[in-house]
Amino acid sequence: EKDEANFLKLEKIVIHLKRYADTHELWGALDTDEHRAINQATHEYLADLTNQCKKLRETLQFDEFYEPIKFIQNILRNLGAFDACIKLAKLVLTVDSERAYETAQINTVNLALAANRLMYWLVLDNPANQALAYSEFPFFVKSVDAKIESHMVIKAIFQNNLELMEKVPKKFISEFVEMICTIGKFPQYLALMASIISVGDKNVIANQYEVIKLMSAPDNQKKVVHYFVPTTHPDYAKKIRLMSAYMNVKDITIRDLPSELAYHLEFMGLLSSCTIGTSGMTSIEAKVQGMYSFVDLVESMLDPQCLLLAKIRYGLFFYNAMLDVETPLPALKDAAVVWKILIAAQDVFAFAKDDLRQIEKNGWDAPTSNRQRIEYMLVMAMIVDSYFTSYFDYTIFKPEVGQIAVGVERVTLKESQATEIMKSLYNKLMPLYEMLSPLLAREHHELLYRCLVALNNASKEKFVATVTN
């Protein structure tokens, strides 16, 4: 009975939205009380459906606090909600730029924005709904600067949909790179490229090559790269000033940040995704690695003034583009800066258990819960696992053996000091793994196990005979 009542409610809302979308030209000027009542109802209906389409995630997924409810998505598709949404979103095309600051014109933009926000949750991770939205793909590209979050719908269209990723014409990649170079560094111009690169470990190599070819072209690189500088550079100080206003905001998202800071982090994420893959990635990796010195990257990541969200993005970039690669970076093996990360990881792991226990008790949405601290712990685990699996051996403590690279300080730790750090990491990770928190996905538990195995195997004297799985 409850499900039937909810279906009837959804049906009624969609019928109203269709009618209001079809008759907007009659009430959109908001001239009468009746028109204003219809407008208020339309906004409320859109917000209601948006909330019905999503729920708070129970297990951790990077950058995603909510997940779509497929059952509701399918009902709304069958009721024709997408048609109502796209009609309302396209109202933005009727806005008169010369009268853009009038109340009715502003309201029309806000209606289109609300429709797109519903469309995001209607489409996300739902192949049938993604196909519907893809049929309107040119509109979302055209309206990417209309301040109605069309770039978010673009993300939703392609998320986890390998078929559509491979289908999208390459010309759109070129167009968005051109927009960055000619209009400016705005995060919405990165949305398409970031969305058609990979699904988990499966990469769309043709799209990766196209993105990196255009981004790394000599004429383009200076125009697209932003804040890839040493910590002593004036631009770095500017970046930190931008971050300072958000340091005490818990679980801040990219969308909450100033445009140029959002672009910097989204661009970092795009490049990171472009290096995902296990075959034929050498040339892509080399070009990405050449854009940002790993020393500068890690120094930025470890800066106490760096925003936690940025630390996570920097760490993922370091892992994907510089550690988990086909061709290892020789200078990274015995770089002192890597051991700075390993030392910092000890405290990150030490506090994570209490964080997880608190979230298990109070929920992800509690004021005391911090999702990004858990994300950062997992990023640190990725780095530890990859370094000790692919790079570390005891020759780094022999000065005559190590690599000499310009701008890379070599590790000066003694072997005994390094062993103590490794042992400390192991001892702090083990309780995290053993608690088997239901907040973490299977892949996260597997990561923690691999990390323990990597540390145990790397030590001359194993901490345990075998790490119990």
Side-chain angles (χ1 to χ4, degrees), residues 57 60-66 151-152 155 185-191 194 224-273 291-322 337-338 340-352 355-356 358-359 364-383:
R57 282 192 176 275
L60 184 72
Q61 181 78 18
F62 276 66
D63 290 328
E64 296 181 15
F65 302 138
Y66 296 90
H151 66 290
M152 296 300 296
K155 287 184 176 184
K185 302 182 184 79
F186 296 102
Q188 63 266 29
Y189 298 155
L190 298 170
V224 300
V225 171
H226 197 44
Y227 291 140
F228 282 20
V229 295
T231 56
T232 54
H233 194 282
D235 283 350
Y236 183 82
K238 181 181 179 183
K239 177 178 71 172
I240 291 299
R241 281 197 300 274
L242 286 173
M243 290 184 183
S244 64
Y246 304 91
M247 288 297 290
N248 296 320
V249 181
K250 181 177 72 75
D251 288 337
I252 193 167
T253 68
I254 294 280
R255 293 159 70 179
D256 300 321
L257 298 175
S259 180
E260 60 181 299
L261 192 54
Y263 175 89
H264 167 63
L265 296 182
E266 291 282 45
F267 184 67
M268 183 83 67
L270 171 61
L271 293 183
S272 181
S273 297
M291 290 185 183
Y292 200 4
S293 155
F294 75 82
V295 174
D296 295 336
L297 171 66
V298 173
E299 293 288 3
S300 299
M301 176 182 166
L302 297 179
D303 187 344
Q305 300 178 86
C306 181
L307 202 62
L308 183 54
L309 174 59
K311 288 175 178 281
I312 293 166
R313 291 298 179 102
Y314 294 162
L316 287 172
F317 182 81
F318 184 56
Y319 169 76
N320 283 316
M322 297 170 180
V337 74
V338 176
K340 289 183 181 180
I341 291 184
L342 301 177
I343 290 168
Q346 295 174 92
D347 283 343
V348 174
F349 295 152
F351 293 121
D355 284 336
L356 284 168
Q358 186 279 129
I359 298 169
W364 286 112
D365 55 346
T368 52
S369 300
N370 194 312
R371 178 182 297 263
Q372 286 174 351
R373 280 212 295 261
I374 307 302
E375 291 182 4
Y376 191 48
M377 177 272 289
L378 292 170
V379 170
M380 283 293 202
M382 292 177 194
I383 292 170

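As the structure is a prediction and not an experimental result, all values here were calculated from the model.
To the nearest 0.5 Å, atom CE of residue Met380 and atom NZ of residue Lys311 are 7.5 Å apart. Atom CZ of Phe294 is separated from atom CE of Met322 by 8.0 Å, given to the nearest 0.5 angstrom. How far CE of Met291 is from CZ of Phe317: 8.0 Å, rounded to the nearest 0.5 Å. With rounding to the nearest 0.5 Å, the separation of CD in Glu299 from OG1 in Thr231 is 5.5 Å.
Judged by the 6.0 Å and 45° rule, Arg57 forms no cation-pi pair with Trp364.
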What verdict does the salt bridge (charged side-chain N to carboxylate O under 4.0 Å, His left out) test give for Asp355 and Arg373, after you've listed the backbone C-alpha separation in whole Å, the side-chain angles of each residue and the deciding distance to 0.1 Å?
CA-CA 8 Å; Asp355 284 336; Arg373 280 212 295 261; 2.9 Å; yes
Stepwise, does the side chain to side chain contact (heavy atoms under 4.5 Å, CB included) test hold for Met268 with Tyr292?
CA-CA 10 Å; Met268 183 83 67; Tyr292 200 4; 3.8 Å; yes
After noting the C-alpha distance and the side-chain angles of Thr232 and Tyr236, does the key distance pass the side chain to side chain contact (heavy atoms under 4.5 Å, CB included) rule?
CA-CA 7 Å; Thr232 54; Tyr236 183 82; over 6 Å; no
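Ring centroids of Phe186 and His151 are separated by 6.0 Å or more, keeping the two rings apart. Between Tyr227 and Phe267, the distance separating the two ring centers is not shorter than 6.0 angstrom.
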Can you give the donor-acceptor pairs under 3.5 Å from side chains of residues 241-250 to other protein atoms, not counting sequence neighbours?
unit_1	atom_1	unit_2	atom_2	d
Ser244	OG	Arg241	O	2.6
Lys250	NZ	Ser369	O	2.8

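A salt bridge between Arg313 and Asp63 is present, with a side-chain N of the basic residue lying under 4.0 Å from a carboxylate O of the acidic one.
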